[in-house]
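Quick caveat, the model's predicted, so the values are computed rather than measured. Note: hydrogens, waters and symmetry copies are ignored here, and every other heavy atom, side chains too, is used.
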Amino acid sequence: MDATNTRRWPRFHVYLPVLIAAHADSENVTVPGLVCELSRAGMELYGGVNLQPGDLMEVEFQTPDKIRVAGVVRSRSGFCFGLEFCAVKEEREAAAEALESFIRKRHETYVQEKQQTIHQSLQMVQELRKCRQDIELLAHALDEWLHADSREKENGD
């Protein structure tokens with residue numbers, strides 16, 4: 001079986017909360033959702049809406065700019081949807097760039113937080129090593145003192 005990726009754009013694994021706005025069963029509904037994969041042409045997301053392939057869906061990312069994109073449901077498995085973006089090309093590119101910027105900033109923040117955590121952990125390891133050295137010095141000094149005390153008792157008796 002050939003597992004060659006034939007997609008036009010690379011997919012990125014993300015976990016981004018969104019609001020899904022759809023027209024289902026003759027009423028407008030808005031439900032929370034979660035984007036799991038994202039590309040310039042579409043996304044995979046989970047949400048509790050009853051839509052079928054060919055139906056329209058709007059997705060609003062929970063970003064400071066509240067980026068909103070429209071798309072057509074291309075596939076569905078349970079409550080997992082494959083969505084192809086269908087906005088006008090200029091809007092689509094602007095939305096893609098805004099999302100890319102948001103994801104990049106979020107990733108940079110994540111990396112900075114992890115680097116800070118690593119730095120703090122290294123400092124703790126150094127402190128623990130210093131404490132261990134101090135304990136070993138105290139143990140050695142105590143051992144010397146006990147041996148000296150026992151030799152004095154042997155010599156004095």
Taken to the nearest 0.5 Å, the spacing of Cys131 SG from Met124 CE works out to 10.5 Å
Apart from Leu142 itself, members of its ILVMFWY cluster (side-chain separation under 4.5 Å) are Trp145, Leu146
Residues at least two apart in sequence or cross-chain that pass side-chain hydrogen bond (donor to acceptor under 3.5 Å, both in side chains) with Gln123, listed by chain then number, are His119
Contacts of Arg76 meeting salt bridge (Lys or Arg N to Asp or Glu O under 4.0 Å) (sequence neighbours excluded), chain-then-number -> none
Members sharing Tyr15's hydrophobic cluster, built from side-chain contacts under 4.5 Å between Ile, Leu, Val, Met, Phe, Trp and Tyr, are Leu34
d(Tyr110 OH, Gln115 CD) to nearest 0.5 Å is 11.0 Å
On a heavy-atom basis, the closest approach of Pro53 and Ser75 is CG-CA, 4.3 Å
Interatomic distance, CZ@Phe81 vs SG@Cys36, rounded to 0.5 Å, equals 12.5 Å
Closest non-hydrogen contact found for Val31 with Gly48 is CG1-O, 3.9 Å
With sequence neighbours left out, the residues meeting side-chain contact (heavy atoms from CB on, under 4.5 Å) with Val125 are Arg129
Closest heavy-atom pair, Ile20 versus Tyr46, reported as atoms and distance to 0.1 Å, is CD1-O, 3.9 Å
Step by step, work out the side-chain contact (heavy atoms from CB on, under 4.5 Å) result for Phe79 and Val49. CA-CA 7 Å; Phe79 290 105; Val49 291; 6.0 Å; no
- Message: For residues Val18 and Val14: do they belong to one hydrophobic cluster (side chain heavy atoms under 4.5 Å, members Ile, Leu, Val, Met, Phe, Trp, Tyr)?
- Response: yes
Salt bridge (charged side-chain N to carboxylate O under 4.0 Å, His left out) pairs touching residues 44-58, sequence neighbours excluded, are Glu58-Arg68
Sequence neighbours excluded, the answer for salt bridge (Lys or Arg N to Asp or Glu O under 4.0 Å) partners of Lys130 is Asp134
Joining Ile, Leu, Val, Met, Phe, Trp and Tyr whenever any side-chain heavy atoms lie under 4.5 Å apart, the cluster holding Ile118 also takes in Leu122
Thr30 meets the side-chain contact (heavy atoms from CB on, under 4.5 Å) criterion, sequence neighbours left out, with Leu19, Ala21
Do Phe61 and Val69 have side-chain heavy atoms sitting under 4.5 Å apart? yes
| Any donor-acceptor N/O pair, Ser39 side chain to Gly42 backbone, under 3.5 Å | yes
Smallest heavy-atom separation, Gly71 atom then Leu83 atom, equals C-CD1, 3.5 Å
Tracing side-chain contacts under 4.5 Å among Ile, Leu, Val, Met, Phe, Trp and Tyr outward from Leu138 reaches none
Of all heavy-atom pairs linking Val35 and Leu45, the shortest is CA-CB, 4.0 Å
Residue pairs meeting salt bridge (charged side-chain N to carboxylate O under 4.0 Å, His left out), one or both in residues 110-125, sequence neighbours left out, come to none
Residue set satisfying salt bridge (Lys or Arg N to Asp or Glu O under 4.0 Å) with Arg132, at least two apart, ordered chain then number -> Glu136
Heavy atoms of Met43 and Leu38 approach each other most closely as CB-CD1, 3.9 Å
